[in-house]
Amino acid sequence: MRAKRVTFRHRWLPYALIAPQILITIVFFLWPASQAIYQSLLRQDAFGLRTEFVGLQNFARLFADPRYLDSFITTIVFSTLVTALSMLIALVLAVMADRVLRGALTYRTLLIWPYAVAPAVAGVLWWFLFNPTIGIIAYALDGLGYDWNHYVSGTDAMALIVIAAAWRQVSYNFLFFLAGLQAIPRSLTEAAAIDGAGPVKRFLTIQLPLLSPTVFFLLVVNLVYAFFETFGVVHATTSGGPGNATNILVYKVWRDAFEGLNLGSSAAQSVVLMVIVIALTAIQFRYIERRVEY
């Protein structure tokens, strides 16, 4: 069977149609990325009055700095926890919502709303809930015998930013998981039910394998989110503390640039962060996508 080909009357029309996307990519990605690479090779004073070309010295100093290596490990732990937690909770909620018959629209709307909350607002919300002085969740934990205090405990602080970041991302994952579940033909699960397969077996043997493209897509998106889009959450909750326990890479880039005024080091960190995310995405497409069933 021959695939249908789209023909255009004018040769320039296809290029005109993709021109806006190409322009956006150049302005908002290629140009900033090129500037970051260029600035990572320079050393500037705090006022930007003197610039010196230093080559790869900024990168050499980065990987010789134990604080940067600690931030690197913190980011890996944080991104892994956020991705796993947000996707797992969203999948459970999507399975539950897919089975709801009465009030389904209301139920789904309430689950989608958190995604409209800005990262900084989500951070402030959970900061109030876990505040050791006035937070209701901190009070409940104290009643259970756990002395919660994210101001002094690095473990508590990490748990706080993971919960805040994952909570906001659950809604996004929920949308795609629910759409994927509803796209699965009911006849497949009904046939399995007639054959005696229980709900868990039907999910593991039918629904989950058919959801693999959605899982793969969300895995990539959530890792990018955890690496790049969680600055507001960290800034509003822990500010990288205590003792740099939550100083993830994207927050360290901002802190070194706008607090430390070390623009060369900050640019080098942003380049490293960009390379990490591109490498992770490439690895996922190279190896994990092989297990995806389209």
Nearest heavy-atom neighbours spanning [X] and [Y]:
X	Y	value
Ala138	Pro132	CB-CA, 4.0 Å
Pro209	Thr205	CG-O, 3.6 Å
Phe63	Leu69	O-CD1, 3.9 Å
Pro66	Ala64	CD-O, 3.4 Å
Phe177	Val215	CE2-CG2, 3.7 Å
Ala120	Ala236	O-CB, 3.5 Å

### From CA spacing to verdict: side-chain contact (heavy atoms from CB on, under 4.5 Å), Asn58, Leu41
CA-CA 7 Å; Asn58 288 324; Leu41 305 176; over 6 Å; no
### Message
Using a 6.0 Å cut-off, check whether atom CD1 of Ile136 has over 12 heavy atoms from anything other than its own residue.
### Response
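No, not enclosed.
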Return the [atom1] to [atom2] distance between [X] and [Y], rounded to the nearest 0.5 Å.
X	Y	atom1	atom2	value
Leu93	Ile112	CG	CD1	11.5 Å
Leu144	Asp142	CG	CG	9.0 Å
Thr155	Trp148	OG1	CH2	9.5 Å
Ile248	Ile76	CD1	CD1	12.5 Å
Ser266	Leu273	OG	CG	10.5 Å
Ser212	Leu219	OG	CG	12.0 Å

### Query
Among side-chain atoms of Asp70 and Asn244, is any donor-acceptor pair under 3.5 angstrom?
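Short answer, no.
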### Task
Verify the distance criterion only: is there a donor paired with an acceptor across the side chains of Ser86 and Asn222 at less than 3.5 Å?
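Checked: Ser86/Asn222 side chains pair up, N/O donor to acceptor below 3.5 Å.
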### Task
Tell me whether the centres of the aromatic rings in Trp254 and Tyr251 are closer together than 6.0 Å.
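For Trp254 and Tyr251, the ring centres are under 6.0 Å apart.
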4.5 Å side-chain heavy-atom contact, [X] and [Y]:
X	Y	answer
Leu91	Phe203	yes
Lys252	Ser71	yes
Gln169	Val221	yes
Leu62	Ser265	yes
Thr74	Val77	no
Ile276	Phe227	yes
Phe130	Thr237	no

Throw together a table of side-chain donor-acceptor distances under 3.5 angstrom for residues 29-38, partners on residues two or more places apart or in other chains.
from, atom 1, to, atom 2, distance (Å)
Ser34, OG, Leu30, O, 3.2
Ser34, OG, Trp31, O, 2.7

Give the cluster check for [X] versus [Y]: same hydrophobic cluster or not, with ILVMFWY residues linked at side-chain heavy-atom distances below 4.5 Å.
X	Y	answer
Val253	Leu42	no
Tyr225	Leu175	yes
Val233	Ile137	no
Leu218	Val95	yes
Ile161	Phe228	yes

Aromatic rings [X] and [Y]: how do their planes relate, parallel, tilted or perpendicular, breaks at 30° and 60°?
X	Y	answer
Tyr172	Tyr115	tilted
Phe176	Phe217	tilted
His150	Trp127	perpendicular
His235	Phe231	parallel

### Query
So Asp156 and Tyr151, side-chain contact (heavy atoms from CB on, under 4.5 Å) or not? Walk me through it.
CA-CA 8 Å; Asp156 291 351; Tyr151 291 109; over 6 Å; no
### Task
Could you check Ile22 against Tyr15 for side-chain contact (heavy atoms from CB on, under 4.5 Å), going step by step and ending with a plain yes or no?
CA-CA 9 Å; Ile22 294 176; Tyr15 302 101; over 6 Å; no
Donor-acceptor contact below 3.5 Å, side chain [X] vs main chain [Y]:
X	Y	value
Arg168	Val117	yes
Thr83	Ser79	yes
Thr246	Gly241	yes

### Query
Out of Thr75, Val82, Thr80, which residue meets the side-chain contact (heavy atoms from CB on, under 4.5 Å) rule with Phe78?
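Among Thr75, Val82, Thr80, the one that satisfies the side-chain contact (heavy atoms from CB on, under 4.5 Å) with Phe78 is Val82.
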#### Entry: Pair Asp65 + Arg61: basic N to acidic O under 4.0 Å
no
Review item, side-chain donor-acceptor pairs of residues 180-193, under 3.5 Å, at least two apart:
from, atom 1, to, atom 2, distance (Å)
Arg186, NH1, Asp98, OD2, 3.4
Arg186, NH2, Asp98, OD1, 3.0
Thr189, OG1, Arg186, O, 3.0

### Task
For the pair Gln269 and Phe72, evaluate side-chain contact (heavy atoms from CB on, under 4.5 Å) and give the outcome as yes or no after the intermediate values.
CA-CA 10 Å; Gln269 292 176 54; Phe72 194 94; over 6 Å; no
### Message
Among residues at least two apart in sequence or on other chains, which ones pass salt bridge (Lys or Arg N to Asp or Glu O under 4.0 Å) with Arg202?
### Response
none
